[in-house]
Structures are given as structure tokens and as C-alpha cells.
Amino acid sequence: MKNLTYYIFSFNFFEKGVNVYSLPNLLTISRIVVIPVIFLSVYINTTWWGLLSAVLFIVASITDYFDGYLARARGQVSAFGRLLDPIADKLLVASALVVLLAKPDMLMTRLSIIPIIVILCRELLVSGLREFLREVNVGMPVTRLAKWKTGFQMTALSMMLLKGFWYWAIIGEVLLWVAGVLTFITGYQYFQKSLDYVKTENSKKNKTVAVKKTNKKATLKKKTTTSKSKKIVRK
């Protein structure tokens, strides 16, 4: 979030070659703009507002594909877009999950709260890991499985938000469990990558300490040998 604030309140927006208001970036921003409308469905508990929030979520989810496609097709890939895209996805998904938690009647069974909590915890975990790895200049690219996870999440939530308008909403709940499993797996993969980095750094540190100790012992041995040689010469 610190980097996002920096981009918003700095002139980096207007550096040469960076077009913040390109179509791909506007599509990404639109996913954040619709969040208040979706969240208001918790308080405005009417049929039409629920339908509006569901439709907006579906449209916003579709833009997740088109913003990346258009950015590559038009040669408008930017650091701002790469920064904001995963943030917009997380905010959109998190807002829909909170709506489901706030309106338990939208769930077929209370057990479905489990994948919701798993997804929310995973997003917090990965955000923390990304922040840690960014500080040590280690990248954490999005894996193919993570993209599938996002697809299942958005499809499941779209179906579940349409409950009452679409009678197959139970399929969305099944897909939510699939998304929960994929979310757990990808979260573990990212966590394992962070552990591997920590282990590598500890190994390097231990090797450095061992080398220093070896050099210190060699230096002391050399000094002892030199001292003994001087004593023999004096005798």
C-alpha cells in the first residue's frame, strides 16, 4: 500500500511513457470503484440493489482478463498497472466475501464460511510475504495455479451473489470450496518460497561465519608458528 500511495501522490504518474489513464488501467481502476456499490448491498437489502451489486461484480471480474489482454495487445504494460492489478483483484474478492459473511442467508450451509476464511487469511499472508520479499529484492511472480484460483474465486462469488435470481447458485458454493483448496495450495507455495529464501540466507550466513572462524584460526596458527620460529632463532 505504501507503493500505491507513492504512485498516487507523486509526479511519477506523469513521467514520460507512463499513461495512467490508458484503457487497461481504467479497467483495473473500475474494479476498485464498484466496491462501495457492492458493499452497500449489506445495508440496502433490496432485490434490485442485490442484483445491481451482483452484475457489477461480474462485469468487474470480466475486466480482470481484458485489462491484461489489452495492455499486452496495445503495448501499454506499465509499472502502475502491474502494481494496481493484484490489489484491485484482492479488494474486489475481499469485499464480496465480506458481503457473504454479513449476509449468511446467501450461504447454503454455514460450513462454507471455512473457505471464505481460508481465502481472506491467504490474501493477508501473501501480502505480508510480498512485502517482506520486496524489501530484500526477491520477486514473487503470480503462478498459473494462482490465476486459476482467482478465476474460480470470481466465478463462485458471481454465482453466489446471484442467489435468488439464479437457481443454480449452489454450484457457486461448490466452486467456492474448490477455490478455497486452490487458495490454500498457492498460499503454501508462496510461504514455502519465502522459507526457502530464509534457509538460503541462513546457509550463506553460516558459511560466512565458518569461513571467518577458519581464517581466524589460520591467522592465530600462523602467528603462533611465527612466534615459535622467532624464539628458536633467538636461542
Measuring only between side-chain heavy atoms, which start at C-beta, is [X] closer than 4.5 Å to [Y]?
{"X": "Val37", "Y": "Trp49", "value": "yes"}
{"X": "Asn45", "Y": "Lys103", "value": "yes"}
{"X": "Arg31", "Y": "Leu91", "value": "no"}
{"X": "Met154", "Y": "Leu92", "value": "yes"}
{"X": "Thr109", "Y": "Ser112", "value": "yes"}

Let me confirm one number: the [atom1]-[atom2] distance from [X] to [Y], rounded to the nearest 0.5 Å.
{"X": "Thr28", "Y": "Asp85", "atom1": "OG1", "atom2": "CG", "result": "5.0 Å"}
{"X": "Leu162", "Y": "Leu157", "atom1": "CG", "atom2": "CG", "result": "11.0 Å"}
{"X": "Phe184", "Y": "Lys149", "atom1": "CZ", "atom2": "NZ", "result": "14.5 Å"}
{"X": "Trp177", "Y": "Ile116", "atom1": "CH2", "atom2": "CD1", "result": "10.0 Å"}
{"X": "Met159", "Y": "Ile58", "atom1": "CE", "atom2": "CD1", "result": "9.0 Å"}
{"X": "Leu101", "Y": "Leu120", "atom1": "CG", "atom2": "CG", "result": "6.5 Å"}

Quiz prompt | Tyr43 and Phe39 aromatic ring geometry - parallel, tilted or perpendicular at 30°/60° bounds | solution = perpendicular

Quiz item: If you look at every heavy atom in Met160 and Leu100, which pair is closest and at what distance?
Solution: CE-CD1, 3.9 Å

Quiz item: Should Arg110 and Glu173 count as an ion pair when the cut-off is N to O under 4.0 Å?
Solution: no

Practice problem: Indicate if Ile117 and Val174 have the same hydrophobic cluster label, given that clusters are the connected sets of ILVMFWY residues with side-chain heavy-atom separations under 4.5 angstrom. | Solution: no

Self-check item: Joint hydrophobic cluster, Ile170 plus Ile114, side-chain heavy atoms closer than 4.5 Å
Solution: no

Exercise. Look only at the side chain of Thr63 and the backbone of Ala60, and say whether a donor-acceptor pair between them is shorter than 3.5 Å.
Key: yes

